[in-house]
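Presented below is the structure to which this report refers.
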Number of protein chains: 2
Amino acid sequence: MRPSNHFVGPMLTDLYQLTMAYGYWKKGKDKDQAVFDLFFRKNPFGGEFTIFAGLEEVVRSLNAFRFTDADIAYLQDGTIRKKEELQLDFEAGLRHGFIRKRSRGFEELRYDPWGAESWEPKDYPDHDLRLPGPMRHCDPAFFDWLKSVDCSGLKIYAVPEGTMVFPRIPLIRVEGPLAVAQMQETVFLNLTGFPSLMATNAARFRLAAGEGKGLIEFGLRRAQGPDGGVSASRYSYIGGFNATSNTKAGQLFGLPARGTMAHSYVSSFSGLHEIADPRLAGADGKEEDFLDLVLQYRRQLGYLHTNEGELAAFVSYAQAFPEGFLALVDTYNTLKSGVPNFICVALALFEIGHKPVGIRLDSGDLSYFSKETRKLLRKTAERFSIESFGGLSIVASNDIDEAILFSLGQQGHEIDVFGIGTHLVTCRAQPALGCVYKLVSINGQPRMKLSDEADKMTVPGRKDVYRLVGGNRHPLVDLMIEAGKPAPKAGERILCRHPVSEPKRVYVVPKDVIALHKCVWDGRQIFSFPPLDTIRRYVQEQIAVMRPDHMRAVNPTPYKVSVSEDLYRSMHELWMHEAPITEIT
Amino acid sequence: MRPSNHFVGPMLTDLYQLTMAYGYWKKGKDKDQAVFDLFFRKNPFGGEFTIFAGLEEVVRSLNAFRFTDADIAYLQDGTIRKKEELQLDFEAGLRHGFIRKRSRGFEELRYDPWGAESWEPKDYPDHDLRLPGPMRHCDPAFFDWLKSVDCSGLKIYAVPEGTMVFPRIPLIRVEGPLAVAQMQETVFLNLTGFPSLMATNAARFRLAAGEGKGLIEFGLRRAQGPDGGVSASRYSYIGGFNATSNTKAGQLFGLPARGTMAHSYVSSFSGLHEIADPRLAGADGKEEDFLDLVLQYRRQLGYLHTNEGELAAFVSYAQAFPEGFLALVDTYNTLKSGVPNFICVALALFEIGHKPVGIRLDSGDLSYFSKETRKLLRKTAERFSIESFGGLSIVASNDIDEAILFSLGQQGHEIDVFGIGTHLVTCRAQPALGCVYKLVSINGQPRMKLSDEADKMTVPGRKDVYRLVGGNRHPLVDLMIEAGKPAPKAGERILCRHPVSEPKRVYVVPKDVIALHKCVWDGRQIFSFPPLDTIRRYVQEQIAVMRPDHMRAVNPTPYKVSVSEDLYRSMHELWMHEAPITEIT
């Protein structure tokens with residue numbers, strides 16, 4: 001399967017991956033056997049857990065990892081902009097006022113908003129423009145090699161999509177020829193960072209909203225580009241959202257898509273004269289004068305000063321969607337116009353056998369308005385003896401974040417469904433996860449990246465990861481051991497050491513042991529991925545068995561990530577060996 | 001020209017645009033003549049300016065606005081997941097441990113990491129699964145209409161790409177049939193919001209770094225998805241960056257691409273024994289024992305305790321890129337290993353006629369390390385009488401944001417080029433701009449969106465926008481007037497009113513008047529767009545003529561955006577007419 005996004009391929013990378021590949025190739029090191037780990041150093045959003053996602057697209061990208069002739073030509077020879085194209089651009093520049101006349105002609109392009117007279121351009125670009133290739137100085141034989149490269153030599157282990165993960169755990173372990181494994185870095189980071197962040201963010205919104213509430217992702221318009229939006233829909237769904245407004249994501253991934261009306265719909269109607277045809281068929285198929293019914297309720301309830309354009313919009317929408325009537329009520333005045341207009345239309349729908357859905361609030365004090373709206377709905381339910389009227393849905397949106405969800409919960413509110421946009425899809429509270437991809441072994445020798453900053457240190461060597469689970473089903477600690485060593489066993493006492501801090505050690509007797517790494521690529525894709533619904537349930541199941549203090553929003557307890565005694569010793573030995581002793585002079 | 005991103009098309013939208021289109025179509029309102037404005041309410045990043053970008057992709061999206069048969073089929077009939085596909089997914093779920101056996105069979109999928117025994121699945125999904133179409137209840141004739149829809153009926157005015165803009169100004173004005181104009185909302189917002197935010201963010205980094213410094217965008221790995229990264233490269237370039245590490249963006253847009261090495265390159269070398277071939281040809285073509293030269297300098301300078309793997313990596317890289325040697329110096333210890341190793345290799349390059357580039361710092365105290373490095377470079381320059389050695393480039397990266405650039409400037413530093421990643425490409429300080437798209441006129445009648453929040457009010461009606469410019473070339477104020485009314489004239493006294501606040505009025509006698517709106521679409525694309533270089537210069541020219549107090553980072557002065565006296569009166573009249581008087585009871 002190919003990547004969902006057509007930018008994904010071997011060129012979606014930092015140029016230094018290619019210059020390093022050249023360095024390796026030139027030195028004959030390109031086939032050295034390397035192991036890279038992809039991991040992160042800190043959970044996002046001030047929390048103590050992360051939901052890993054993006055693996056399916058990583059595997060798809062491996063299928064697409066072939067340089068085309070056009071890619072090679074660009075790297076080696078650069079690009080040519082044709083004279084004709086430059087001329088078109090030039091004309092556009094003149095038209096926009098980006099270009100002004102200079103005494104020497106047009107060759108120097110400068111902005112001049114004050115050059116308002118019309119031009120008679122006669123000094124057009126008259127030759128093609130060549131932009132040099134970024135790797136033009138490399139040995140031409142390198143490009144033959146590059147053309148031949150694919151991922152058939154790689155073996156890749158990963159934690160399953162949707163797994164709850166923690167800092168320092170290798171989420172993906174890549175084994176294979178150094179140059180090819182190196183060239184996966186940027187695209188792997190790009191394809192896992194934002195998806196994992198999104199899934200985690202969505203899971204946090206789910207925790208904040210509570211299980212019984214509906215959560216709809218509304219963020220396409222605020223997302224960072226088209227597939228920022230499409231990714232947000234997909235990964236917020238696996239994180240625990242119920243639906244999205246994004247039609248494309250619905251189509252691509254089979255997500256439930258939802259939507260009703262915007263303010264522009266409401267304000268496009270100026271009055272009841274626009275309802276040329278007042279009819280609507282009831283549930284029994286009989287045509288009724290629907291508008292007249294609505295106006296009878298309006299008079300009966302005394303809602304005579306509401307905005308009539310809004311009322312016309314609601315009537316019209318109910319005629320189009322008699323079984324899907326959800327009205328946006330804050331265009332003019334929520335409690336004095338929107339909700340009363342909704343009530344009149346909804347009662348008329350009920351009368352002819354349809355069931356309206358509810359209202360949407362998009363501004364103001366959501367707690368107050370939801371409670372006042374609920375009171376009005378209940379009062380109406382009582383007056384007209386329509387029991388279910390009091391329980392019609394109240395949907396709320398308007399810049400909602402995790403803190404607002406908690407605050408609404410504290411104040412009490414009557415909202416059934418939250419529409420979440422900007423804060424969810426841009427991960428506003430922390431818009432990047434900060435995964436890294438580090439060389440941990442070469443030709444069987446463990447490697448580590450030291451640094452002047454201790455927390456940038458990596459755990460060297462090829463490692464397997466196990467989750468040790470307690471008798472109450474709570475995961476207790478994750479343990480990294482040297483790959484190939486015997487797995488820890490349930491019922492045995494296991495010493496788990498903090499990777500860096502020497503005195504921090506715990507003994508664990510797990511009831512169960514889960515091997516977190518699965519092989520997902522062995523020269524080729526070796527399985528298909530489960531549907532999003534399955535992954536979505538998997539996420540919620542894991543959240544349910546975590547100790548609650550790891551999951552709470554404020555000051556959560558860190559989950560323990562440890563190394564075996566053997567790994568601790570070997571990594572600290574290497575550390576001491578590699579780090580120079582600074583001399584103070 | 002087609003959209004750069006293949007997700008862009010009429011399905012990249014919120015579902016409610018389509019349900020509203022159905023509502024309009026059903027009511028016969030789809031051809032009502034509408035005018036929509038796209039604008040924002042607040043400049044980003046606590047600043048007082050915004051660089052508008054994304055217009056080219058907006059126009060490309062108009063070219064691609066046709067629903068396909070597959071789109072229609074999805075909306076109407078939903079999607080089918082084939083039995084065979086479900087079975088593959090099911091197998092993957094078993095393999096991953098997403099699915100466990102239940103007494104009733106496999107039909108209920110639940111996560112069970114503890115179900116470790118191997119399975120003999122015999123209760124496979126045995127029929128296709130249908131997901132219902134989100135518009136399945138709509139009149140089938142609607143889909144014939146939807147199939148026929150394109151943008152040939154629209155006329156679109158916009159502010160040119162790269163223009164400095166301010167709150168409330170219509171950046172794009174869309175005129176045409178209500179339903180089609182409505183359906184542009186989500187994709188227009190998606191395609192302009194992040195690009196404008198990126199270009200603005202980049203321009204702010206440029207202001208913070210100062211004109212003489214190099215700025216390279218390094219953010220692909222941290223970006224929000226593949227085209228989050230590609231967009232970041234493109235729009236940070238027009239905002240004032242010099243280059244990007246993103247090879248794909250270099251290829252697509254002709255941006256300068258840059259890159260050298262990562263820590264993994266350095267740590268993939270364990271010692272000098274890896275330099276099997278010590279030779280390098282000098283500038284004169286003569287082969288030299290390059291490694292020997294390096295080691296001579298090493299002994300001469302007494303740098304004998306540096307990391308030898310790192311030294312081997314540098315020698316190897318210099319052999320691959322003798323004219324592009326830029327060394328990452330912080331893998332082991334910046335001042336005790338990285339910089340000394342660099343100096344030995346760089347001196348050897350100089351000796352045989354090549355010119356090294358410099359060093360890159362990626363951790364630690366960038367100000368301190370850059371100053372200490374510069375001292376070492378200058379000392380070396382003096383000792384070996386190589387004047388240009390002292391001025392070799394120092395490149396710095398590591399989570400740099402706008403505040404750090406200012407802080408580095410205050411401390412003094414010796415950095416020549418900044419590599420900026422996360423904070424730039426995710427716009428971490430504010431990851432969404434918050435543009436809106438509002439109906440302002442229908443069938444010639446001005447419309448406005450009121451709300452319980454005053455600042456969500458829109459300026460109604462079809463409007464032109466002019467920038468009034470003072471004698472010193474500083475823009476003074478932007479003025480919206482009713483479209484079609486005579487443009488304000490240079491040299492005449494013009495009354496400009498605050499759109500909302502009644503007493504705020506100024507008289508302006510502009511030296512020049514710039515009409516900000518250009519027609520970019522008149523049923524078809526009516527020009528091509530200027531190259532990024534031209535737009536990039538245009539951005540810097542505009543920044544140069546702004547009054548500095550509008551541009552400063554801390555507490556900048558707001559730029560005035562005003563309406564004409566006529567527009568003020570008509571909008572306030574409409575406001576009074578539409579807003580109901582609340583009764584306190």
Side-chain angles (χ1 to χ4, degrees), chain A residues 5-7 11-12 14-16 20 23 26-27 74 88-89 92-93 96 98 111 113-114 131 134 160 186 189 194 221-222 224-228 231 245 247-248 251 254 257 259 263-265 267 316 320 363-364 422 426 431-432 439 447 449 451-453 512 514 527-528 530-531 534 538 541, chain B residues 5-7 11-12 14-16 20 23 26-27 74 88-89 92-93 96 98 111 113-114 131 134 160 186 189 194 221-222 224-228 231 245 247-248 251 254 257 259 263-265 267 316 320 333 363-364 422 426 431-432 439 447 449 451-452 512 514 527-528 530-531 534 538 541:
Chain A
N5 185 288
H6 73 151
F7 288 147
M11 296 292 279
L12 189 72
D14 292 306
L15 182 63
Y16 78 1
M20 285 192 280
K26 206 170 160 55
K27 197 90 301 192
Y74 164 70
L88 279 175
D89 289 343
H96 274 64
F98 292 150
Y111 166 65
W114 302 275
L131 303 168
T186 306
L189 293 172
F194 182 57
R221 64 188 57 197
R222 301 276 182 259
Q224 299 199 344
D227 73 22
S231 299
S245 67
T247 316
K248 186 81 189 176
Q251 184 181 23
H263 296 114
S264 52
Y265 185 85
S267 58
S316 169
S363 58
T422 313
T426 65
L439 181 73
R447 307 301 299 155
K449 194 249 161 202
S451 145
D452 297 304
E453 293 168 45
D512 286 293
I514 307 168
F527 64 95
S528 74
T534 305
Y538 172 50
E541 293 275 341
Chain B
N5 186 287
H6 74 153
F7 288 147
M11 295 293 279
L12 189 73
D14 292 305
L15 182 63
Y16 77 2
M20 285 192 280
K26 206 165 160 56
K27 197 88 297 190
Y74 164 69
L88 280 174
D89 289 343
H96 274 65
F98 291 149
Y111 166 65
W114 301 274
L131 303 168
T186 307
L189 292 172
F194 183 57
R221 66 188 56 198
R222 301 275 183 260
Q224 299 199 344
D227 73 20
S231 298
S245 67
T247 317
K248 187 80 188 174
Q251 182 181 23
H263 296 114
S264 53
Y265 185 85
S267 57
S316 169
N333 183 304
S363 58
T422 314
T426 64
L439 181 74
R447 306 302 298 156
K449 192 249 162 203
S451 146
D452 297 304
D512 285 295
I514 307 167
F527 63 93
S528 75
T534 305
Y538 171 51
E541 293 276 340

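Naming: A, B, ... by sequence-line order, numbering from 1 per chain.
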(message) Quick check on the interface: out of A:Met11, A:Arg221, A:Lys27, A:Arg447, who has the most heavy-atom pairs with chain B under 4.5 Å?
(response)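 Sorted descending by pairs with chain B, the first entry is A:Arg221.
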
(message) So which residue, A:Thr186, A:Leu439, A:Thr247, ends up with the most heavy-atom pairs under 4.5 Å with chain B?
(response)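 Winner by heavy-atom pair count: A:Thr247.
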
Count the heavy-atom pairs under 4.5 Å between each of [options] and chain A, then report the option with the highest count.
options: B:Gly228, B:Pro134, B:Ser245, B:Gly259; result: B:Ser245
options: B:Thr426, B:Asp227, B:Leu12; result: B:Asp227
options: B:His6, B:Lys248, B:Lys26; result: B:His6

(request) Considering non-hydrogen atoms only, spot the tightest contact between A:Ser316 and B:Gly23 and give its length. (result)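 Where A:Ser316 meets B:Gly23 most closely, the heavy atoms are OG-O, 4.4 Å.
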
(request) Answer with side chain, backbone, both or neither: which region of B:Ser231 has an atom nearer than 4.5 Å to a non-hydrogen atom of chain A? (result)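 No part of it gets close to chain A.
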
(request) Could you look at B:Tyr74 and say if it's the side chain, the backbone, both or neither that has a heavy atom under 4.5 Å from chain A? (result)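 It is the side chain, since no backbone atom gets that close.
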
(request) Would you give the length of the straight line joining atom CE of B:Met20 to atom OG of A:Ser264, rounded to the nearest 0.5 angstrom? (result)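 The CE atom of B:Met20 sits 4.5 Å away from the OG atom of A:Ser264.
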
(request) Verify, without hydrogens or angle tests, whether B:Arg222 (side chain) and A:Ala432 (backbone) share a donor-acceptor contact under 3.5 angstrom. (result)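 Between the backbone of A:Ala432 and the side chain of B:Arg222 there is no qualifying donor-acceptor contact (under 3.5 Å).
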
(request) Indicate yes or no: at least one non-hydrogen side-chain atom of B:Asn5 is less than 4.5 angstrom from one of A:Pro226. (result)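 In short, these two side chains touch, coming nearer than 4.5 Å.
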
